[in-house]
Amino acid sequence: MTHTFSLPQIPNNRNKTRKAKIALFIFLLYLLSVTFTSCFLVSLLRSISNSKTISTTSLQKHLAVTEEKPKVSSSQMATMESLISLVNRIQRACTILGDYGGDSGGAAAASLPTLWESLPSVAVVGGQSSGKSSVLESIVGRDFLPRGSGIVTRRPLVLQLHKTEPGITEYAEFLHKQRERFTDFAMVRKEIQDETDKITGKSKQISPVPIHLSIYSPNVVNLTLIDLPGLTKVAVEGQPESIVKDIENMVRLYVEKPNCIILAITPANQDIATSDAIKLAREVDPAGERTFGVLTKLDLMDKGTNAQDVLEGRAYPLQHPWVGIVNRSQADINKNVDMIAARQREREFFSTSPDYGHLAGRMGSEYLAKLLSKHLESVIKTRIPGITSLINRSIDDLESELDDLGRPVAIDAGAQLYTILELCRAFDRVFKEHLDGGRPGGGRIYGVFDYQLPTALRKLPFDRHLSLQNVRKVVSEADGYQPHLIAPEQGYRRLIDGALNYFRGPAEASVDAVHSILKEIVRRSIGETQELKRFPTLQAEIASAAYDALERFREDSKKTTLRLVEMESSYLTADFFRKLPLEAEKGGDPTVSNVDRYAEGHFRRIGSNVSSYVGMVSQTLRNSIPKAVVHCQVKEAKRSLLDHFYTQVGKKEGKQLAALLDEDPALMERRQKCARRLELYKNARDEIDSVSWAA
């Protein structure tokens, strides 16, 4: 029985349901994919948006930096505050390195360029008891200056004011105590007094060396003032009679400089025509272009009087406005009245005064400080190009002078020996230049051979030696008891030897003349060797060694030249005499040989023959002596003048070498001054270069 198996048939409605489920599943998958894609796109868009935001922020930052560059540049430009600060730094450097104008540095620095005098500054000038100290304290807002009778300010005080942010504690710093801050201004007063006494002693003497004081406070403006000793008319007890002139000269050194702004302090209760400050200002600044007039003690004027004519510029006109000041009274000072309160009382005085109310806006210490600060700033900015030019020119001059002076000597013995040998070679070059014609002197040696030697040879006394009487005597004595048979040969020889002996004098004179010239050339060469100027001990040693060498050369030269003379005596030129009879016979006088040998003519002929021979020898020596002298003296001097000195120096130890390089103290001081001044100028140049200037 066969069975068949078949799948059951699914009803149509079930198929539809299945299809619907499948469709639903597909739709769900579609929704899921769409959702996922949407999320992905959103995330992508956000990422793109963020990246755009970051890029935009970065770009904005870059642009901001780019845009800030001019701002940074402008902030680095010479603002008014940085200008005064710049000059302050240069002034401090000047004082540290010994440049404070006038005759600072003494004689050794007399010819050095000074930077101090080219810097714009405000010099406070006034007579004693003019209120000068009170004006300065009012500007600062602090009691800090010494007080007393007579001359209180005995050294210039460079007062540098630095404005700080509000809330910063006020403090002061001295240049000579840079690491110490003074917050107690009573101690500032004491330090000024102590530092003054350190230089001038307890006497009433004055000193041009300044004291540098910097005050940092929110109650000041950026300003630099130089407080000078008060002008006086008479010397008081304990002061020299010259003190009046000494103070005036010191003050004049400051105020006569074209870069100095003069702050002339005059008390209002004194006739302005008798004001010491105005009198001096008028002398150095007749046009009033650099002078600021300040009237103090307006509150102490007699009732019914005022100073309107002065303050309004009618009584004594200046290019700049007069400023009135009301200082604290002595009673206020004794009571330690606060300076801030004093300023307020000063403002009230002017604002409520019927005489000065219309001028109140430009009166008072606060206005004065701002006025001076603004003017000083403008002057500095105007003068900076000229100062820069001065600095660059001075740097070149100082570096050139230091090159001439030479660098400091090394401590190492090997380096010292090398230095000595180099100095000797420098001298040797100059010496040879004199001999070879590069410098004058060598031509004088030629003059010895061309003029002095021939003249000496011509002046030799041959006429006397070969006179008839002397020839007869010499020839007769030479024959002895037996007369000569044919020719008086012994007589000839004695006459010739006697004549040749005269040549010794000119030969030795030539040697000595050249020796003197060489010594003079050595002396001049040492003086002309710039490198040697620093070392007087080495100069003396080189000169001594050179003179010793020249002395040895002279001795050798004398021996050689005298040998030349002796050689002429040692062997006579026989051919010269053999030709004489023949020449006589050719002369056509056959009786010559038969003439009586003891007749006058015979002796004359002998003298003539000897004279001819001596003339020949003279010509020979005239040519050979210069050769010997040059060979033994000049050539040797060029070749080995200091050879013996080199040998001796090579044996010396460190201390001995150092002794040779012991410099002239004046020159060492000069080099030190130049080096310090060069350091100052380079520091100043760097300070100026650190500021970016507006176009």
Side-chain angles (χ1 to χ4, degrees), residues 445 448-515 551-584 597-598 602-636:
I445 296 176
V448 172
F449 305 140
D450 188 58
Y451 174 76
Q452 186 173 326
L453 177 60
T455 301
L457 293 175
R458 286 195 299 270
K459 290 182 178 181
L460 291 176
F462 293 134
D463 291 342
R464 185 176 69 250
H465 181 69
L466 297 177
S467 65
L468 180 62
Q469 181 181 358
N470 193 58
V471 170
R472 179 184 287 112
K473 177 184 177 184
V474 172
V475 171
S476 299
E477 291 177 353
D479 286 341
Y481 70 93
Q482 182 176 343
H484 58 271
L485 300 178
I486 300 175
E489 182 173 335
Q490 291 300 322
Y492 267 102
R493 289 187 178 277
R494 288 192 179 185
L495 286 171
I496 292 172
D497 286 343
L500 295 184
N501 195 51
Y502 285 116
F503 287 118
R504 296 174 63 90
E508 290 182 327
S510 297
V511 171
D512 291 339
V514 171
H515 176 74
E551 191 63 37
R552 292 193 300 272
F553 302 154
R554 177 169 71 167
E555 293 302 317
D556 291 342
S557 183
K558 276 190 177 182
K559 291 177 182 178
T560 301
T561 54
L562 292 179
R563 282 196 188 100
L564 291 176
V565 176
E566 292 169 358
M567 284 189 293
E568 293 294 338
S569 299
S570 300
Y571 186 80
L572 303 181
T573 305
D575 287 345
F576 178 85
F577 293 96
R578 288 170 183 167
K579 296 176 181 179
L580 292 178
L582 294 175
E583 291 175 357
R597 292 188 177 91
Y598 295 96
H602 177 62
F603 291 114
R604 289 186 183 280
R605 189 162 47 254
I606 292 173
S608 176
N609 292 340
V610 172
S611 178
S612 297
Y613 185 79
V614 170
M616 180 192 72
V617 173
S618 177
Q619 186 61 42
T620 301
L621 291 176
R622 178 179 175 179
N623 294 327
S624 60
I625 287 176
K627 294 178 181 179
V629 171
V630 169
H631 177 76
C632 295
Q633 290 176 264
V634 180
K635 288 291 185 182
E636 277 300 304

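Below, all heavy atoms of this structure are taken into account, side chains as well, without hydrogens, waters or symmetry copies.
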Under 3.5 Å, which donor-acceptor pairs do the side chains of residues 622-631 form with other protein atoms, sequence neighbours left out?
| unit_1 | atom_1 | unit_2 | atom_2 | d |
| --- | --- | --- | --- | --- |
| Asn623 | ND2 | Gln619 | O | 3.2 |
| Ser624 | OG | Thr620 | O | 3.1 |

CG-OG distance between Asp497 and Ser570, expressed to the nearest 0.5 angstrom: 8.5 Å
Nearest atoms (heavy-atom pairs only) where Tyr492 meets Arg605: OH-O, 4.5 Å
Greater than 12 external heavy atoms within 6.0 Å of Asp463's CG: no
Under 3.5 Å donor-acceptor, Asn470 side chain and Leu466 backbone: no
Any donor-acceptor pair under 3.5 Å from Ser557 side chain to Arg554 backbone: no
Main-chain N/O of Arg604 paired to Ser608 side chain as donor or acceptor, under 3.5 Å: no
Pairwise distance OG1(Thr561) to CD(Glu508) - rounded to 0.5 angstrom: 7.0 Å
Straight-line distance of Thr455 OG1 to Asp450 CG, nearest 0.5 Å: 9.0 Å
Gap between atom CG of Leu495 and atom CZ of Phe603 - 0.5 Å precision: 10.0 Å
Shortest non-hydrogen contact from Gln452 toward Ala513: NE2-CB, 3.4 Å
Residue pair Val474 / Gly491: nearest heavy atoms and the distance that separates them: CG1-O, 4.0 Å
Validation row: Phe503, Glu568 side chains within 4.5 angstrom (heavy atoms): no
Heavy-atom side-chain contact between Val610 and Phe462 under 4.5 Å: no
Ser611 side-chain N/O to Gly607 backbone N/O, donor-acceptor pair under 3.5 Å: no
Atom of Cys632, atom of Asp556 and distance for their closest heavy-atom approach: SG-O, 4.2 Å
Interatomic spacing from CD in Glu555 to OG1 in Thr560 - rounded to 0.5 Å: 11.0 Å
Approximate separation, where rounding is to 0.5 Å, of Leu468 CG and Ile606 CD1: 10.0 Å
Nearest non-hydrogen partners of Leu500 and Val565, listed with the distance: O-CG1, 3.4 Å
Residues in ring pair (Phe, Tyr, Trp, His ring centres under 6.0 Å) contact with His465, at least two apart in sequence or another chain: Tyr502
Pair Glu566 + Arg563: basic N to acidic O under 4.0 Å: no
